[in-house]
Amino acid sequence: MGTPGTATDRRALATAALAACPDHLLLVTRDGQILDGQRSLDGPDLPGLRAGLSGDSLQSAFDRADAALLVELVAQALDSDDIVEGEIGGDSSPLHAVDVRIAAAGTDRALVLLRDISRLRIAERALRDERSASHHAGLALAVEQSPVGVMITDAEGRIEHVNPRFSETTGFAAHEVIGHTPRVISSGTHPPEFYRGIWTTLQSGGTWRGEICNRRKNGTLFWAAMSASPVLDGTGQLRHFVAVIEDITDRRLARQQHAMILRAALDGFWILDGATHIVEANDAYGRLSLYSPDELPGRCAEELVAAEDIERLRAGLARAAADGADRFEVRHRRRDGTLFDAEMGVQYTDMYGGRYACFVADVTERNRVSHLLETANMELEARVDERTRALVQANAQLRLSEFSLEHAPVGAVWADRDGRLLRANAVAARILERDAGALNDCRVADLDVSPAARDRWIAHRTAGRSGQARTFEANWQRRDGDTVPVEIAARWMEFDGQDYWIAFIQDLTERRLAQRQQLRAQRLESIGTLAGGVAHDLNNMIAPIVMGIETLGDNPAVDRETLETMATSARHAQDVLRQLLTFARGRDGERMPVSLTGLIDELEAMVRHTFPKRIAFTRSGSATRDFVMGNATQLHQVLLNLCVNARDAMKKGGSLTLAVDDVAPEALAGDVAGALAQTYLAIRVEDTGDGIPPEVLDRIFDPFFTTKGPDLGTGLGLSTALGIVRSHGGALRVSSTPGTGTAFTVYLPAVDPSSVS
């Protein structure tokens, strides 16, 4: 359903129309005093118009004869309250031809629109000179190259020639109109007497000038400024008629928009000079302030503002002078001393010594409604929780103002009684990932893909205007087909004599994610408690194993290398159990410089003795540093976990590679805060196994996520490894190609052990 444009829209329209106007504008009094003016941005300077505008008179700005004609035309426009047309400057030379349009802008002032039609007059004169044989060739060339359309007929009115511009303007090729009368482009919008008047003028030997609505070949209409004249031969016999046609559709539309804006303005309007004195004020401001518009010019703007708001007015005008525009609110004082709230939009130009164009809109009622709305919201907040408060507030704002609908903090939609969406705000469009305009083609029941959606909609519609708001959850479909969980607070209401369904929508995605994260944290907390007990018991079980290994060391029949591997593994197991106890008690392990070479040496010995022989182990890398600051047991746990995962991915054998390289800190700027101020080492664990599918790759670091069977993995290995690496100020990245292999890279800050105490 449509709504009327706001005051801001009307001011924007006025500004755009003035900027696009191709004509020069003057605001003059009955006696010829120029109050203000604007030169066309696109058009050339008018011949005969001197530099001065505001503050001058028509007599000083134009030649004497032209000024006298302009004053006479202004008086005619003011007396008739109609648009008066005329022309100045064209009698002496076509180079000074100016078309004049004057409309009343009050009882004692008028708006004068001036348009340079010198080119049109030049074309007319050039065509009339066709009677001279000596100029025939030059005139023919001028006609063909003329920037305006030219049509030549015989004495009976049948078209004999048209130039290329005529064809471009009308869409008719020359062969399509030659032999026809000008009725071929007639629009039929003018009454018959209009066309008879043109023909009568031409047959009597006169020249007809005016604006005429014609029709193009494709059926569209266009307005043209036309000048038609008879052409006589040397004996005075009528031989031809010549018409010059210029397309002025855009100009005419701009003039009409100017007239509409000036006459239909609902907001008050000032023009202030550089000293903030009123130069011009419109009737709308007179109605707001109870002053006659004639009483306002010359007054200081500060006289019309509440004394307490004068500084605010000065500050707003200063910002406009500095930035070109500003918007602010001040209270204005009426003639009877009463005050009203006003929103002022100010545009500044440094022309004419500095001018301010000020739009003044009475916002007293808007502020009163805003105050009532604020009071109502405070009462609602005492009865409902925070989220319901926001929804009810948005609902109240929706009924009071379309502006509130667009700026509600939650999604909001309007639907008719049949469920067809009439309007949706930006938040609703963002939740559904659709354009707000595209939602107008949807129905509420079609957006909701919940199993009971249609039955719920029918029941809600049947309930009608019960006065009760209903809150429920649903799954709404986005443009790409995905669904989003939403909570909807909806009710029926009557507005403007019609029943409407208003709903406020809250995206539940983040809330449900937070709930899942909370449950996960609770599970981890429980696991931590359980891990403490398990670690204590396992440590008691491993202690005899360590003692047994030490006892076996005295037996010369035992393989020393195997025994050392078992001892190292047992010690690492004890370290891991201590780390597990540290995790359960909430304490970090001890940090010291750790040699990656030594760490990988231990890992290599364990891999070569425990991994299947079908898996080949290699080392590589070109690192210039060897030490990182960290906990050796934790880092061993990270690398061992990555190696075990690589082993499990190579069930048929393959190659496992550990490499240590230097890395530029810029490569980690997106992952680690302050990475540019650190030096890093990269530890790459690469296998040639099955690889990780793309749909799984984004989830491998989630706690409890595993692709192994329930008895083969807990889903905590990679999650724990990522936590350890991040706690060391590093980053963990993965790249994988299904069927080719996977590479995990651990980035850790490098240290110089000699600089660490």
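Computed from a predicted model, the values in this text were never measured in an experiment.
- The structure places CG of Leu642 at 9.5 Å from OG1 of Thr745, a figure rounded to the nearest 0.5 Å.
- Across every non-hydrogen atom of Gln678 and Pro665, the tightest pair is O-CB, 3.4 Å.
- By the 4.5 Å heavy-atom criterion applied to side chains, Phe744 and Leu718 are counted as neighbours.
- Residues Lys651 and Arg614 approach most closely at O-NE, 2.9 Å, considering heavy atoms.
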Item to complete: Decide yes or no on side-chain contact (heavy atoms from CB on, under 4.5 Å) for Ser727 and Arg591, but give the supporting numbers first.
Response: CA-CA 11 Å; Ser727 70; Arg591 302 289 175 88; 3.5 Å; yes

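- Two residues are said to be in side-chain contact when any heavy atoms from C-beta on lie closer than 4.5 Å; Asn367 and His371 fail this criterion.
- Counting only heavy atoms from C-beta outward, the side chains of Phe627 and Leu681 never approach each other to under 4.5 Å.
- Annotation: the span from Phe611 atom CZ to Leu656 atom CG amounts to 6.5 Å, rounded to 0.5 Å.
- His728 meets the ring-ring contact (aromatic ring centres under 6.0 Å, His included) test with no other residue; sequence neighbours excluded.
- Side-chain contact between Thr597 and Asp601: present, with at least one pair of heavy atoms (C-beta onward) separated by less than 4.5 Å.
- Around atom CZ of Arg619, more than 12 heavy atoms belonging to other residues, nucleotides or ligands sit under 6.0 Å away.
- Looking at Val594 and His636, their side chains never come closer than 4.5 Å, going by heavy atoms from C-beta outward.
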Worksheet entry | Residues Thr742, Ser735; criterion side-chain contact (heavy atoms from CB on, under 4.5 Å); working and verdict | CA-CA 6 Å; Thr742 302; Ser735 63; over 6 Å; no

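- Rounding to the nearest 0.5 Å gives a distance of 7.5 Å between CG of Leu596 and CG of Leu635.
- Using a distance-only test at 3.5 Å, with no hydrogens or angles considered, a donor-acceptor pair links the side chain of Lys613 to the main chain of Arg608.
- Ion pairing between Asp662 and Arg625 fails under the 4.0 Å rule for side-chain N and carboxylate O.
- Distance CG/Leu599 to CG/Asp626: 9.5 Å, rounded to 0.5 Å.
- Geometrically, Arg733 engages Tyr747 in a cation-pi contact, judged by NZ or CZ lying under 6.0 Å from the ring centre and within 45° of the ring axis.
- Between the side chains of Thr688 and Ser655, no donor-acceptor pair of N or O atoms lies under 3.5 Å.
- The closest side-chain heavy-atom distance from Ser736 to Pro693 is not below 4.5 Å.
- Met629 approaches Pro593 most closely through the heavy-atom pair SD-N, 3.7 Å.
- Looking at heavy atoms from C-beta onward, Asp661 lies out of side-chain contact with Tyr680 at the 4.5 angstrom threshold.
- Of the candidates Val725, Ile724, Leu722, Val725 is the only one forming a side chain to side chain contact (heavy atoms under 4.5 Å, CB included) with Val746.
- Residue Leu748 holds its CG atom at 9.5 Å from CG of Leu732, rounded to the nearest 0.5 Å.
- Counting only distance, with no hydrogens or angles, the side chain of Ser595 and the backbone of Gly598 share a donor-acceptor pair below 3.5 Å.
- When the shell of 6.0 Å around CZ of Arg726 is examined, it contains 12 or fewer heavy atoms from other residues, nucleotides or ligands.
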Item to complete: Let me see the working for Val363 and Glu329 under side-chain contact (heavy atoms from CB on, under 4.5 Å), right down to the final yes or no.
Response: CA-CA 9 Å; Val363 294; Glu329 284 193 17; 4.1 Å; yes

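- Between Val685 and Leu639 there is a side-chain heavy-atom pair separated by less than 4.5 Å.
- Between the CD1 atom of Ile615 and the CG atom of Asp687 there is a distance of 9.0 Å, given to the nearest 0.5 Å.
- Checked for salt-bridge contact, Arg319 and Asp323 miss the test: no charged N lies under 4.0 Å from a carboxylate O.
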